[in-house]
Amino acid sequence: MWCRAGAASVPARWPHEARIGYEKRAGDVFARLRVLFAAVARGGPIGDGRSGIGANRPAPFRARVRPHGFHLGCGNMGGTTHENNKLSIAEKRLIGIESLQWCANNAVYFLGLIGAATYDLAGTAFLVAAITLVRNLATSIGNVAAGSVIDSIGPRKTTVAVCAFSAVTSLLIGLGPITEASLIIAAAALGVSGGFINTCTHAYPGYLIATLTGRQRLNGLMVFYSNIAFTLGPIFGGALVSTFSTQSVYLFMAATMAAAGVLALGCHEVLQPEREEDAKMGILSGMVDGARMTLQNHDLRLIFISGFLGFFAFGAFDSLESLFYRDVLEVDVVWLGWLSSVVGFTSSIGAWLLTKLPDRMANLTLLLGSLFGVGLASMIYVGTDILVVAIVGQSINGLAWGFLEPLQMILVQEKAPIAYLGRIMGFVRFGLMSAGVLPLLAAPALAEAFGVQAVLFAASCIIALVGAVFFFGQVKRARSRAAQSE
């Protein structure tokens, strides 16, 4: 298929001798959540035991297994299953890191940035838009910059460093006064660190599990639990700022990210690439490498382009969604929070359902079908001025997102050689996160000319159209390959 240009030799197969398993150690940081969601945590491996992540794909590295007492215990390599249907210690720690960082970042975004600008500073729409834009751009920079760092030192060290930076930065902001300058600095600094941690956690499963079955399960559970944490973050933050000052939400983030850093210390990689000692790992060269390798591979290129075009239209929602609630649905802005919770809940259901599907279904067709579903659900969501219809649309939207987000992670982890996984994941995340910047700026002017609902419905149609074109094209290709194989 493809490999990095200039590689001297490319092994034809992933090593089948790699023996992977689970550390048997005491200490389960998710004991309470596992009681609440026992049916999910007990879910067994998915699939029929056949070969999983594409043993024939080129990989310019030799995988090494770290000697942490692991043995074969996951999915399709050797036809075995997860030992006792349990997550490994490292997998649990990664789920904890992802959940804690989303809880903290979402709390700070809504209360420490947007809330502080609106209420503490009585800021204008321009200030809120400026903070949002700075944060989005900083997150995109963090996404792509993380790739080279991950490929240089691995996701564990990168995650530890980013968590420490986030904890110290949020602590300093929390101890200082809230001003326009401090909020812009917070948006920039925490945006970069948020982009870094986002790329780290999206790439991390590729270093822990060598099979599609195991990655499907882990990525699905990461989205399941992190969606719960995403919803709880503003609730915890709201409870704090209702009792203490707004700065307290930054102190909450400092404690939460410190806890995530502690979890990362023990989240050791299982699979490691043979890194070229003289390879260039600069941020710019890493971005170029990530772009080249993504666009050279058909499947990665399809994931990137479909995601970029689909996410492009979502920028309109950042600017106009609250106005849709006020001017079209004519309900209190509190419903924006309620329907966001609906999306989080149904997205968790979608992610849980994904862990129950056969691993052969975790493919591009399902990914593109999920994007198509998000577009159709968004059309329902903003297509009328009836609140009940909007709730139905958001429920379906969340369900589709529950498939879409983990599938993007799974497929990039599958298609990308592990030696370049960080750079490829960083470039893909950069494309997805930066796609909505231009619509974010243009949407207010379009709304003035055509109306809020018309712009949001048009954006939803674009998402659905992009999803439909790529989905039916992929179905046609799959049928053509099936006919040729017969």
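Just so it is clear, the model here is predicted, and its values are computed rather than measured.
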Is the shortest heavy-atom distance from the side chain of L127 to the side chain of I131 under 4.5 Å?
yes
Is there a side-chain contact (heavy atoms from CB on, under 4.5 Å) between T179 and S182? Walk through the geometry before answering.
CA-CA 5 Å; T179 63; S182 69; 3.4 Å; yes
Report yes or no: does N143 contribute a side-chain atom to a donor-acceptor pair with the main-chain N or O of G195 at less than 3.5 Å?
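Yes, because the side chain of N143 sits within donor-acceptor range (under 3.5 Å) of the backbone of G195.
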Has R215 got a side-chain atom pairing as donor or acceptor with I209's backbone, closer than 3.5 angstrom?
yes
Tell me the closest heavy-atom pair linking A400 and G373, and the distance in Å.
CB-C, 4.1 Å
When rounded to the nearest 0.5 Å, the distance separating CG of L404 from CE of M409 is 11.5 Å
Scan side-chain atoms only and decide if Q216 and T213 contain a donor-acceptor pair under the 3.5 Å cut-off.
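Short answer, no.
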Indicate the atoms forming the closest heavy-atom contact of L111 with G238, along with that distance.
CD1-N, 3.1 Å
Polar side chain donor-acceptor pair, S434 to S140, under 3.5 angstrom
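No, no side-chain donor-acceptor pair sits under 3.5 Å.
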Taking the side chain from R423 and the backbone from G290, do they hold a donor-acceptor pair closer than 3.5 Å?
no
Answer whether the closest heavy-atom distance between the side chains of L251 and S170 falls below 4.5 Å.
no
Check the pair L432, R429 against side-chain contact (heavy atoms from CB on, under 4.5 Å), reporting the backbone distance first and the verdict last.
CA-CA 5 Å; L432 297 181; R429 298 304 303 171; 3.7 Å; yes
Close side-chain approach of L121 to E180, heavy-atom, < 4.5 Å
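Contact flag for L121/E180 side chains = yes.
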Counting heavy atoms not belonging to L284, are there more than 12 under 6.0 Å from its CG?
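No.
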Nearest-0.5 Å distance that lies between atom CZ in F427 and atom CG in L300:
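Output value for this atom pair is 10.5 Å.
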S242 side chain to A239 main-chain N or O, any donor-acceptor pair under 3.5 Å?
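Flag set: sc S242 to bb A239 pair under 3.5 Å.
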Will you find, in the side chains of Q408 and E405, an N or O donor that is under 3.5 Å from an N or O acceptor?
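Side-chain D/A pair, Q408 to E405: absent.
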Using 30° and 60° as the class limits, which term best fits the ring planes of F317 and Y381: parallel, tilted or perpendicular?
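The rings of F317 and Y381 lie parallel, inter-plane angle below 30°.
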With a 4.5 Å limit on heavy-atom distance, are the side chains of I424 and L421 in contact?
no
Heavy-atom closest contact (L339 atom, Q394 atom, distance)
CD2-CG, 3.8 Å
For V223, does its backbone N or O pair with a side-chain atom of S226 as donor and acceptor, under 3.5 Å?
yes
Any idea which heavy atoms bring A116 and T246 closest together, and the distance?
CB-CG2, 3.9 Å
Closest contact, heavy atoms only, L183 versus G112
CD2-O, 3.3 Å
State yes or no: are the ring centers of W352 and F224 separated by less than 6.0 Å?
no
For residues M222 and P406, determine if any side-chain heavy atom of one lies less than 4.5 Å from a side-chain heavy atom of the other.
no
For the backbone of I114 and the side chain of Y109, can you confirm whether one donor and one acceptor N or O come within less than 3.5 Å of each other?
no
Answer whether the closest heavy-atom distance between the side chains of S193 and T169 falls below 4.5 Å.
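No - every pair of side-chain heavy atoms lies 4.5 Å or more apart.
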Are any side-chain N or O atoms of S306 and backbone N or O atoms of I303, one a donor and one an acceptor, separated by less than 3.5 Å?
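Yes; at least one donor-acceptor contact below 3.5 Å.
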Can you name the closest pair of heavy atoms from A146 and T199 and give their distance?
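Where A146 meets T199 most closely, the heavy atoms are CB-CB, 3.8 Å.
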Check for a donor-acceptor pair, side chain of D151 on one end and backbone N or O of G422 on the other, with a separation under 3.5 Å.
yes
Under 3.5 Å donor-acceptor, S347 side chain and G344 backbone
no
Out of curiosity, N106 CG to M253 CE, how far, rounded to the nearest 0.5 Å?
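Taking CG in N106 and CE in M253, the distance rounds to 10.5 Å.
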Under 3.5 Å, is there a donor on one side chain and an acceptor on the other for N198 and Q101?
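No, no side-chain donor-acceptor contact under 3.5 Å.
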Let's go through L175 and Q247 carefully: what are the C-alpha distance in whole Å and the side-chain angles of both, what is the deciding distance for side-chain contact (heavy atoms from CB on, under 4.5 Å) to 0.1 Å, and is it a yes or a no?
CA-CA 7 Å; L175 294 177; Q247 288 95 321; over 6 Å; no
Run I418 and Y207 through side-chain contact (heavy atoms from CB on, under 4.5 Å) and show every step you take.
CA-CA 7 Å; I418 193 173; Y207 290 81; 3.9 Å; yes
Counting N and O atoms only, with roles assigned by atom type, does the side chain of S378 sit under 3.5 Å from a partner on the main chain of V374, one being a donor and the other an acceptor?
yes
Rounded to the nearest 0.5 Å, how far does CD1 of I197 lie from OG1 of T139?
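Reported value, rounded in 0.5 Å steps: 12.5 Å.
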Using 30° and 60° as the class boundaries, would you call the ring planes of F236 and F252 parallel, tilted or perpendicular?
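Judged by the thresholds at 30° and 60°, the geometry between F236 and F252 is perpendicular.
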Spacing of CG belonging to D299 relative to OG1 belonging to T294, to within rounding of 0.5 Å:
12.0 Å
In Å and rounded to the nearest 0.5 Å, what is the CZ to CD1 distance from F312 to I463?
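Answer rounded to 0.5 Å: 11.0 Å.
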Measure the shortest side-chain to side-chain distance between L353 and F403 over non-hydrogen atoms and say whether it is less than 4.5 angstrom.
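Contact flag for L353/F403 side chains = yes.
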Quick one, I410 and L354 - any side-chain contact, counting heavy atoms below 4.5 Å?
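Yes, their side chains come closer than 4.5 Å.
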